[in-house]
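Note that ligands are numbered from 1 as they come in the structure, with each ligand's atoms numbered from 1 the same way. Note that the structure is predicted; figures quoted are calculated from it, not measured. These numbers come from the heavy atoms of this one structure, side chains and all, not from hydrogens, waters or symmetry mates.
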Amino acid sequence: MSSQVKAYAATSATEPLGPHPITRRDLRPNDVEIEILYCGVCHSDLHTARNDWGWTKYPIVPGHEIIGQVLSVGAGVTKYKAGDRVGVGCMVDACGHCEACVHGHEQHCRDGATFTYGGKDRIDGSPTHGGYSERVVVKQDFVVRVPDTIDLKGAAPLLCAGITTWSPLRNANIGPGSTVAVVGLGGLGHMAIKLAKALGAEVTLITRSPGKEADAKRLGADRVVLSSDERQMAEMAGRFHLIIDTVPYVHDLNPYIPTLSFKGELVLVGYLGPLEPALDSAPIVLGGKAVAGSLIGGIPATQELLDFCGQHGIVSDVEMINMQNINEAYERMLKSDVKYRFVIDMASLKSTA
Ligand code: NAP
Ligand code: ZN
């Protein structure tokens, strides 16, 4: 028999999120039941709640930066026990045997990964629901361990903002001697700065917002460039081995290409959709440069990131909110008015109807 838990859902693209009980399945042999303590608020939650990508099925319970404590485990679970500090990110299942899964890139599962919310359970077909809820039941292979050395609240955003920026950094072998630019200082951007710096890179923030300089430097940036300032952009010519572009909405990529070094790569992690204005291929071809995309990261990479953060004492800068304030938080996120990630204290959900 499954159980009902409290949750917050969007029921249409235009309605605010509100209380909406959901069902969590009984434990299968390989499942872990987790009491959710904290859940980060990702811009993808907002895109999904408002159907920005056109694929949302309502009601939807967002939340894929889940931190919690194991309540109970199924008979076949070997990796976790009650009381363990754990996290769940953007995925809860995948086929496990295709080339992508075998190599630990479950997000690119040939059959499609099962995402934490808005997905369909691979066994019973029920909709998956995210972390804006009291509890979650997840297959043990999609649960990661949170090191004892890091604060649980600040660890929540590592499960999406962290891994999404960690993947391009690791793929590009970023380390001492590397030059990295981060476009946009929000949830993803501030993690990208912290992680690139901890890996030993020289880090530049490129922002549309004057006034973020002091924060960017405190987070680890060596330099801040205003994207609207042509002179500052021109001074960056040929500099970056890697640019991680976190901007959520359509914007002109052409001004960034000259700032890439030979073989340099601009990796899009934010905006999904047609580019406007069109991308000029000439400087890309002639300069031997690349424009690519990257989607979150696999489970082994997520555990690697958490362990790295445990060793280096890295967590997200968070602003704690109650579940009841989620709609206001979305509006503030749209205005970039958050330093630098909202995290919901899920204890607040217990007091809702
Ligand atoms: P966020 O906290 O809202 O930060 C976005 C930043 O982009 C802002 O702080 C702002 O920084 C900059 N920006 C530039 N133009 C903007 C505009 N017109 N409106 C709003 N911000 C603008 O968002 P996030 O949570 O970091 O997410 C960023 C994007 O990544 C979202 O689209 C999200 O869906 C996506 N995402 C992708 C993946 C993936 O796997 N690829 C995973 C998670 C999230 P400045 O003021 O410094 O310019
Ligand atoms: Zn996310």
Angle, SG of Cys42 through the Zn ion (ligand 2) to NE2 of His64 - 10° precision: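 The NE2/SG angle about the Zn ion (ligand 2) sits at 120°.
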
For His64, the option from Asp45, Leu159, Thr48 that meets side-chain contact (heavy atoms from CB on, under 4.5 Å):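 Only one of Asp45, Leu159, Thr48 forms a side-chain contact (heavy atoms from CB on, under 4.5 Å) with His64, namely Asp45.
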
Positive for side-chain contact (heavy atoms from CB on, under 4.5 Å) with Gln140, one of Val77, Val86, Val73: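 The option that passes is Val77.
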
Give a yes or no answer on whether the side chain of [X] reaches the backbone of [Y] with a donor-acceptor pair at less than 3.5 Å.
X	Y	value
His129	Ile22	no
Asp124	Ser126	yes
Thr149	Gly310	yes

Glu202-Thr179 side chain donor-acceptor pair, cut-off 3.5 Å: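 Distance-only check fails for Glu202 and Thr179.
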
N/O/S from Cys90 sitting under 2.8 Å away from the Zn ion (ligand 2):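 False for Cys90.
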
Heteroatom N/O/S of His43 within less than 2.8 Å of the Zn ion (ligand 2):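 Not a single backbone or side-chain N, O or S atom of His43 is under 2.8 Å from the Zn ion (ligand 2).
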
Leu260 side, atom CG; Leu266 side, atom CG - distance, nearest 0.5 Å: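 So the gap between those two atoms works out to 6.0 Å.
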
Proximal protein residues to ligand 1, non-hydrogen atoms under 4.0 angstrom: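 Cys42, His43, Ser44, His47, Trp53, Cys160, Thr164, Gly184, Leu185, Gly186, Gly187, Leu188, Thr207, Arg208, Ser209, Lys212, Thr246, Val247, Pro248, Tyr249, Val269, Gly270, Ser294, Leu295, Ile296, Met333, Ser336, Arg341.
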
